[in-house]
Amino acid sequence: MERTLVILKPCTIERGLIGEIISRFEKKGLKLAGMKMTWLTDELLSEHYAHLKEKSFFQRVKDAMRVCPVIVCCWEGLDAVEVVRAMAGKTNGRLAAPGTIRGDYSMSVQENIVHASDSLETAEIELKRFFKEEEIFDYTPSYIWSLYANDEI
Ligand code: UDP
Ligand code: MG
């Protein structure tokens, strides 16, 4: 099973969409392995968005993540990284396909509802960045065999 990081961005908290977005991942069949509300620091965001550090909008993107606390989640499932990225949709909410989270709830590139890890390698690094080891939980939901065939997991 893979684990991936999702951050509900400040726009999501402010617009009252927390339940709506979490509900999508739950309904898909992903398992919540960790979740907390936290106020991010500029230092942590500089690390998290290091791939954007040469961009003119680097500071703007970081500041947008500090408008209010965010909710960080760890979702678990088979191919969870790819599944969650597909559910998030394209970065630009205006171009993201209807049916995706960004496609359904965002009109912006920056204010695009969620962060989602883009590879398994990134997910491992990002989960360590936002969670302590004891904040990620191992458990097996009783409905696991309604989600997967026994040769899938
Ligand atoms: N972003 C932006 N303008 C851009 C590119 C990115 O405001 O031209 C923001 C946007 O919020 C995006 C985040 O920076 O989600 C991280 O960018 P990345 O390219 O990693 O996109 P993502 O992986 O979130 O789709
Ligand atoms: Mg990214």
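Note that the numbering runs from 1 along the sequence shown for the chain. As the structure lists them, so they are numbered: ligands from 1, and atoms in each ligand from 1. None of these values were measured; they are calculated from a predicted model.
The shortest N or O to N or O distance between K9 and ligand 1 is below 3.5 Å. Taking distance alone, with nitrogen or oxygen atoms compared against 3.5 Å, R102 approaches ligand 1 more closely than that limit.
Taking the ring centre of F131 as origin, the terminal cationic atom of K128 falls outside the region bounded by 6.0 Å and 45° from the ring axis. At least one test fails for K31 against the ring of F137: distance under 6.0 Å to the centre or angle within 45° of the axis.
Follow the hydrophobic side-chain contacts under 4.5 Å out from I113 and you reach F25 in the same cluster.
No side-chain N or O of S46 forms a donor-acceptor pair with one of K53 less than 3.5 Å apart. Counted by atom type alone, N112 and S108 present zero donor-acceptor pairs between their side chains at under 3.5 Å.
Listed by atom number, the atoms of ligand 1 under 4.0 Å from N112 heavy atoms are 10 (C), 11 (O), 12 (C), 15 (O). Residue Q110 has at least one heavy-atom neighbour below 4.0 Å for each of these atoms of ligand 1: 7 (O), 10 (C), 11 (O). Each of the following atoms of ligand 1 lies closer than 4.0 Å to a heavy atom of L52: 14 (O), 16 (C), 17 (O). For ligand 1, the atoms closer than 4.0 angstrom to any heavy atom of T91 are 12 (C), 15 (O), 21 (O), 22 (P), 25 (O).
Within the 4.0 Å heavy-atom criterion, both parts of V109, backbone and side chain, lie near ligand 1. Heavy atoms of R85 found under 4.0 angstrom from ligand 1 belong exclusively to the side chain. Contacts of R60 with ligand 1, taken as heavy-atom pairs under 4.0 Å, involve the side chain alone.
Proximity of H51 to ligand 1 is established by a heavy-atom distance of less than 4.0 Å. Using a non-hydrogen distance threshold of 4.0 Å, D118 does not register as a contact of ligand 1.
Put simply, the side chain of W75 never gets that close to the backbone of V6: no donor and acceptor are under 3.5 Å apart. Under a 3.5 Å cut-off, the side chain of R15 and the backbone N or O of Y105 do form a donor-acceptor pair.
Among all heavy-atom pairs drawn from L30 and A80, the shortest one is CD2-CB, 4.0 Å.
The nearest heavy-atom contact from the protein to atom 6 (C) of ligand 1 is F57 CE1, 3.9 Å. Of the protein's heavy atoms, V61 CG2, 3.7 Å lies nearest to atom 9 (C) of ligand 1. Counting only heavy atoms of the protein, atom 16 (C) of ligand 1 lies nearest to Y49 CE2, 3.5 Å.
Note: H115 and H48 have perpendicular aromatic rings, judged against thresholds of 30 and 60 degrees for the angle between ring planes.
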